[in-house]
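Below you'll find the structure, written out as structure tokens, and then a few comments.
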Amino acid sequence: AQALLAPTGDVLWVEREADLDAVTALSGSGPAYVFYFVESMMEAAQQMGLTPEQGKQLALATFSGASELARRSTEPPSVLRERVTSKGGTTYAALTSLEASGVKAAFVQALKAAQQRARELGDEFGR
């Protein structure tokens with residue numbers, strides 16, 4: 001199975017079938033989360049005076065570059081984030097605003113909701 005699936009992308013084995021609900025929440029639904037953040041960055045770019053095309057270019061390049069850096073790095077994402085966050089700088093201001101708005105907690109809760117729905121669908125349609 002691994003040899004068959006490997007050419008299509010990363011293969012992840014899980015211990016229990018029930019873990020597939022978490023995989024669905026993280027990876028199956030994951031592209032929509034990225035698109036959601038790209039949309040948000042594009043909207044912010046327009047509100048700050050950039051064109052939609054400029055916002056899209058910057059948002060996509062940012063996600064692509066950061067994802068590739070995280071993929072290649074041996075450091076956890078938290079360390080990478082800390083390294084690009086100067087105390088009192090622009091990134092610090094943005095992250096402080098996100099934390100104050102509860103974005104991380106809301107995002108974690110959203111993924112748990114997706115996991116729960118995957119579980120419900122599995123129960124409904126039989127595993």
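Basis for what follows: all heavy atoms, side chains included, without hydrogens, waters or symmetry-related copies.
- If you take NZ on K87 and CD on E82, they are separated by 11.0 Å, rounding to the nearest 0.5 Å.
- For the pair P76/V79, a side-chain contact is recorded, criterion being any heavy-atom separation below 4.5 Å from C-beta on.
- In this structure, Q115 and A25 approach most closely via the heavy-atom pair N-CB, 3.4 Å.
- Counting non-hydrogen atoms of neighbouring residues, nucleotides and ligands closer than 6.0 angstrom, the CD atom of Q116 exceeds 12 such neighbours.
- A donor-acceptor contact under 3.5 angstrom links the side chains of T51 and Q54, judged on distance only.
- Taking CD from E75 and CG from L69, the interatomic distance works out to 10.0 Å, rounded to the nearest 0.5 Å.
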Starting from the C-alpha separation in whole Å, work towards a yes-or-no answer on salt bridge (charged side-chain N to carboxylate O under 4.0 Å, His left out) for K56 and E53. CA-CA 5 Å; K56 182 179 179 182; E53 295 78 21; over 6 Å; no
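- A single hydrophobic cluster is seen to contain both L26 and F107, as judged by linkage of ILVMFWY side chains at heavy-atom distances under 4.5 Å, directly or through other members.
- For the side chain to side chain donor-acceptor pair (under 3.5 Å) test, residues two or more places apart in sequence or in another chain that qualify with R16 are D19.
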Might you work through the ring pair (Phe, Tyr, Trp, His ring centres under 6.0 Å) test for F63 and F35, ending with a clear yes or no? CA-CA 10 Å; F63 264 89; F35 300 147; 9.4 Å; no
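- Side-chain contact check for L95 versus E99: every heavy-atom pair is 4.5 Å or farther apart.
- Nearest heavy atoms, L80 versus S73: CD2-OG, 3.7 Å.
- When all heavy atoms of T91 and V84 are compared, the pair lying nearest together is OG1-O, 3.6 Å.
- A distance-only check finds a donor-acceptor pair linking the side chain of T96 to the backbone of Y92 [under 3.5 Å].
- A single hydrophobic cluster is seen to contain both W13 and L5, as judged by linkage of ILVMFWY side chains at heavy-atom distances under 4.5 Å, directly or through other members.
- Separation of atoms CG (D10) and CZ (R71) is listed at 5.5 Å; rounding is to 0.5 Å.
- The same ILVMFWY cluster, assembled from side-chain heavy atoms under 4.5 Å apart, contains both M42 and Y33.
- Applying the side chain to side chain donor-acceptor pair (under 3.5 Å) criterion to E124, with sequence neighbours excluded, gives no partner residue.
- The shortest side-chain heavy-atom distance between R81 and T85 falls under the 4.5 Å cut-off.
- Side-chain contact between L58 and L50 is present, with at least one heavy-atom pair separated by less than 4.5 Å.
- Note: the hydrophobic cluster containing F37 does not contain L98 (ILVMFWY, side chain heavy atoms under 4.5 Å, direct or indirect links).
- Of the possible donor and acceptor atoms, none in the side chain of S27 sits under 3.5 Å from a partner among the backbone N and O of V23.
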